[in-house]
Asker: 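Below is a structure I'd like to ask you about.
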Amino acid sequence: MADGVALIAPSGAEWVHLDVMDGCFVPNISFGPKMVADIRPHSSQIFDVHLMIRSPLNFVEEFAKAGADYITFHVEAAVHSHRVLQAIRALGKKAGIGIVPSTPVSFIEPLLPFVDLVLVMTVNPGYGGQPIIPECFDKVRSLAALREAGKGDYLISVDGGINESTAAVARDAGADVLVAGSSFFGATDKAALVRRLKGLS
Ligand code: ZN
């Protein structure tokens, strides 16, 4: 993990996105707060922790202590999302809400004034390397329009299937943060890839 994280800053990519999976909310298991704490000394970049876990309220404090800067949980995994958002902010962290491909933007509209980031999953969470579901970009457009209309002040993050061909669509739709896993770690020239993902070359 430390070796992988060490590749990120020199590439020009700005954040470290960490996918936490519990084998219950998503059909895969990755790691918990201990891993986040263990790699924290290896990077001074923003840690963008994406919780794909049930009952996120029980764990936000541990991830905050582990060194997360952003903590994003899924609206589908929490009954009382406002409370989770408040808990994250009370810990001094940026609060994010995530939606899976089948959840409409309208479902999180009441939460938009209380979030720092909205994460739109463009694949069904659980595994890397899946093809993108293009309809999800409509949700990015809707979120950008809602922000424009003053419904909140949040970053729009797109997670899943981001590569050289999908990044431009995500940027054009209004995404601010592009999460790249398979395309990044599979690229020989990571700096060139990051420039292209950002639309700089
Ligand atoms: Zn993620």
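Remember, it's 1-based here, ligands and their atoms both numbered in the order they're listed.
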Asker: Output the atom name for the N/O/S atom of H50 with the smallest distance to the Zn ion (ligand 1).
Answerer: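 That would be atom ND1.
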Asker: In plain terms, say whether D48 and K94 are close enough for a salt bridge, that is, a side-chain N and a carboxylate O under 4.0 Å apart.
Answerer: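 No salt bridge links D48 with K94.
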Asker: What is the ring orientation for F114 with H82, classed by angle as parallel under 30°, tilted 30 to 60°, or perpendicular over 60°?
Answerer: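 Taking H82 first and then F114, their aromatic rings stand perpendicular (interplane angle over 60°).
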Asker: Taking the six-membered ring of F47 as reference, does the NZ or CZ atom of R40 fall below 6.0 Å from its centre and within a 45° cone about the axis?
Answerer: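 Yes.
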Asker: Starting from the Zn ion (ligand 1), look over the N/O/S atoms of H17 and name the nearest one.
Answerer: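 Nearest N/O/S atom: NE2.
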Asker: Can you measure from CG (L18) to OG (S30) and round to the nearest 0.5 angstrom?
Answerer: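 These two atoms lie 9.0 Å from each other.
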Asker: Which of the N/O/S atoms in D19 sits closest to the Zn ion (ligand 1)?
Answerer: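 It is OD1 of D19.
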Asker: Looking at the Zn ion (ligand 1), which N/O/S atom of D159 is the nearest one?
Answerer: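 Result for D159 and the Zn ion (ligand 1): OD2.
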